[in-house]
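Written out below as structure tokens is the structure these notes cover.
These figures come from a predicted structure and were not determined experimentally.
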Amino acid sequence: MRNYPAVPVKNVIDTYFGIPLDDPYRYLENATDSETLAIVAAENDYTRHFFEAHPEVSVTEREKQLRAREKTGQLSGIQEACGLRCAMRAMPGSIHDVVALDENFQVERVILNEEMMGNRLHLYSVDPNPTRPGIYAVMGVLHGHPRCCVVVWDDVNRREIAILDGTFGFEWAPDGASIVYSDAEVDAAHNRNINFVRRWQLDTGATEVLYTHEENAAFIYSHPLPGGACLCEVLCTYDDLMVLYIAPDGSVTRLTDGKCNYGFIGEKDGLYAFKTNAGAPMSRLIAIRADQLTQEGALLKDATVLVEECDAILAAAGFVPEGVLALYERDAASELALLDMNGCKLRDIPLPDRYGTASFEAAIRTSDAGRIFYGFESFTMKPSQFVMDAKTLASNLVQGEAEDVSDITVEQCFLPARDGQRILAYLVRPRDLQPNGHTPVLMYGYGGYAASSNPWPEDMVTGHNVVEWVRQGRIYVHCILRGGMEYGTAWHEAAMGLSKKNAFYDFIDIAQYLVDQGWTKPGQIVATGLSNGGLLMTAITTMRPDLFGVVIASVPHTDMIRFRNDDRGMMYITEYGDPTGSEEMFRYMLSYSPYYNIKPGTVYPWMYIQTGEMDNNVPPYHGKKFAVRMQHDADEAHPVLLQVLAHGSHDRGVGDEYYLNIAQMQAFVELGLQAQA
């Protein structure tokens, strides 16, 4: 008998549309309550003792191995302005700092790190001021805050100028005199997120509101233009945007009607270009003239098509001297091409791997020195950084190295889902491996928010390196699920709202395919996912507990009825739906909400659930409530562990917490596979 921590059951029953709903662990939603804190401490102790009782797979040794092998100094997000170069640099324990680079792109010194900020936040990206050398805007998250912040840093005087908190997006004005950013207030009483566009002045520190969006929307992206004007993209949902033009005098013009997706790419020769899926599910590039910016609905009725839709997703684009540089995604893998200003392809631009991910911003930017920076990675290639000449489009490697992976094969497996939809899974395996019915398989999935799951070299949750995993005679499976943007708007809409379960079914059907094809058996399938993918993990566990051996759910949504009350609940109902909006939606969301679908006495997979007390996206109660209910109701054949990171945000932790969390996840995977071999 498993001696799980004693967690009191306190019956709370809510009634929705005449349907009573029992929520016995409601009190765990209060993260600072002494009883909740005591339960969390007991759960973390139980998890620690579990691994101490299994020294055959030592967590301590795995921590040491992770620290020893972690490649520090990996650069990302290289930027250039005013003759200076900067980047984010990965440090031990999933921590990042901001560094200055010399003209050979070698690190000169640290511009900003978390210690310099009093260790009160984590840093994620950097954007240099376009006209004032040594001034940087750095995106981060203050510990315990629900949204990101922007630190404005003076590197010359080594001081913090300002912190703009609660931001969703920001951009320097072209003259460098201000930052335009967006934030929001939750108005739960009226079921809405009130979004604001603000301008912060560098010289005075003054802030003004440029625009207030009263209707519920997820958030706003802003793009300041020369002369004080601004273009804004209001995310009414995660795939429907309203484009606004805010003139220097404050007048607002709606360029679209809030339907379909639009993203500002840039301006060239008086043309303002936007990537859109309006009338083009795979997206195309359209443009309007400067004089049309003040015409209502101009993007709907008067736009010129620059680049037509094709059979691959147009993921990013930017103007270069010869025309348009376009990044496409075909079956989630990147392709790069040069087009003329009429949209005709001039030539393909080679990338290092056939099935890989080139990392550009949605609007591909050219630095003031005429260079474009991007990253590239694949299942078999670690993250590398490149610099491209905007005129010749020739690329040079800035950081990274090739590896001989001739012993590994990557293949695309297209298979039918249960409703006939063709879905895709990438199988990465030893080249000479044949189906034998018992090969360990590591599956990753996400399926939501119009986010593409592109190829990458490690499992996003457990940190397993794909090449190392495969060289143990195993298989890594990368699942392309409905709900993402890999095949356009319809692909996303096919797994949101009243169709959300399609993403879960797709993942289940891929797992069943692996079994049916003789690659593996249920006890040898490890499933991983985080955030929306954590919802996926807990949902597939309750829907098909017999099909998976080990499930790792990081920072998951699990209570799909009460999530609407969370700080970001009004944002997330645009993806999932509002469970209180109609009986139909309530019943549908209840039918898959993991917390309410745990069936007493059921044998579930080995489960490791991880959350963080400082999560700024998904409150930690989701993981806590699900884990303790699973411990209480599930058959004790398989363990259920909960790890709550004291300083964890919407991630797998940083520093010592990161190493412990990843080491525990990897040890849990090995123990689960061995027990069910």
Side-chain angles (χ1 to χ4, degrees), residues 62-80 84-116 121-128 136 138-141 334 351-353 356-361 367 371-388 395-405 444 454-469 476 530 649-659 661-663 665-666:
R62 285 188 173 268
E63 281 191 78
K64 291 179 181 178
Q65 292 169 9
L66 289 168
R67 291 176 188 272
R69 82 172 60 156
E70 184 172 28
K71 184 176 180 180
T72 61
Q74 176 66 47
L75 301 178
S76 63
I78 300 175
Q79 303 285 340
E80 182 176 51
L84 301 176
R85 289 148 298 280
C86 61
M88 300 303 297
R89 178 178 64 173
M91 300 301 290
S94 195
I95 295 172
H96 292 81
D97 58 13
V98 184
V99 294
L101 306 178
D102 63 21
E103 44 187 48
N104 295 315
F105 302 100
Q106 300 300 304
V107 175
E108 283 186 323
R109 58 184 176 80
V110 174
I111 293 174
L112 182 64
N113 60 26
E114 295 176 9
E115 183 178 357
M116 294 163 65
L121 83 169
H122 300 316
L123 306 176
Y124 294 129
S125 64
V126 60
D127 201 11
Y136 299 91
V138 183
M139 181 73 87
V141 174
S334 295
L351 291 171
D353 197 343
T357 304
S359 300
F360 292 89
E361 295 184 22
S367 76
R371 294 189 281 204
I372 298 169
F373 300 95
Y374 66 98
F376 189 87
E377 60 188 345
S378 71
F379 297 120
T380 57
M381 181 178 179
K382 294 178 181 179
S384 301
Q385 298 296 311
F386 293 84
V387 57
M388 174 185 287
S395 291
N396 290 314
L397 181 67
V398 170
Q399 185 186 66
E401 56 188 35
E403 180 181 0
D404 181 7
V405 289
Y444 171 83
N454 306 112
W456 45 61
E458 74 172 31
D459 179 76
M460 290 288 286
V461 182
T462 64
H464 282 101
N465 178 272
V466 172
V467 169
E468 293 178 3
W469 174 270
Y476 172 74
L530 71 166
S649 184
H650 197 60
D651 53 29
R652 297 164 297 163
V654 297
D656 291 341
E657 283 190 331
Y658 168 82
Y659 289 117
N661 187 27
I662 298 300
M665 287 180 177
Q666 293 188 5

Within-4.5 Å side-chain heavy-atom neighbours: His122 and Glu114: yes

Side-chain donor/acceptor of Gln385 to backbone N/O of Phe373, under 3.5 Å: no

Geometric class of the Tyr374/Phe360 ring pair [parallel <30°, tilted 30-60°, perpendicular >60°]: parallel

Side-chain touch Val387/Ile372, heavy atoms, less than 4.5 angstrom: no

Pairwise distance CD1(Ile111) to CG(Leu101) - rounded to 0.5 angstrom: 8.0 Å

Flag side-chain contact, heavy atom, 4.5 Å: Tyr476 against Val467: no

Residue pair Asp97, Arg109: steps toward the salt bridge (Lys or Arg N to Asp or Glu O under 4.0 Å) verdict: CA-CA 10 Å; Asp97 58 13; Arg109 58 184 176 80; over 6 Å; no

Between CD on residue Glu401 and NZ on residue Lys382, distance to nearest 0.5 Å: 7.0 Å

Side-chain heavy-atom pair Ser334, Asn454 within 4.5 angstrom cut-off: no

Steps toward side-chain contact (heavy atoms from CB on, under 4.5 Å) verdict (Leu397, Phe376): CA-CA 10 Å; Leu397 181 67; Phe376 189 87; over 6 Å; no

Rounded distance [0.5 Å steps], CZ in Arg371 versus CE in Met388: 13.5 Å

Closest non-hydrogen atom pair, Gln666 against Thr462: NE2-O, 3.0 Å

Distance-minimising heavy-atom pair for Gln79 and Val126: CG-O, 3.5 Å

Minimum side-chain heavy-atom gap Val107-Leu75 below 4.5 Å: yes

Shortest non-hydrogen contact from Ser395 toward Phe386: CB-CD2, 4.4 Å

Minimal non-hydrogen separation, Phe379 against Trp456, with atom names: CD2-O, 3.4 Å

Phe105 CZ to Asn396 CG distance, which is reported to the nearest 0.5 Å: 9.0 Å

Close side-chain approach of Met91 to Arg89, heavy-atom, < 4.5 Å: yes

Inter-residue atom distance Ser76.OG - Gln399.CD, 0.5 Å rounding: 9.0 Å

Qualifying residue, where the test is side chain to side chain contact (heavy atoms under 4.5 Å, CB included) with Arg85 and the options are Gln106, Glu108, Glu80: Glu80

Met381 vs Thr357 side-chain heavy atoms within contact, under 4.5 Å: no

Minimum-distance pair of heavy atoms, taken over all atoms of Ser649 and Val141: OG-CG1, 4.4 Å

Polar side chain donor-acceptor pair, Asp353 to Ser378, under 3.5 angstrom: yes

Check: Val466 and Pro457 side chains under 4.5 Å, non-hydrogen atoms: no

CE on Met460 to CZ on Arg652, rounded to 0.5 Å: 7.0 Å

Minimum heavy-atom distance between Val461 and Met665, given as atom pair plus value: O-SD, 3.4 Å

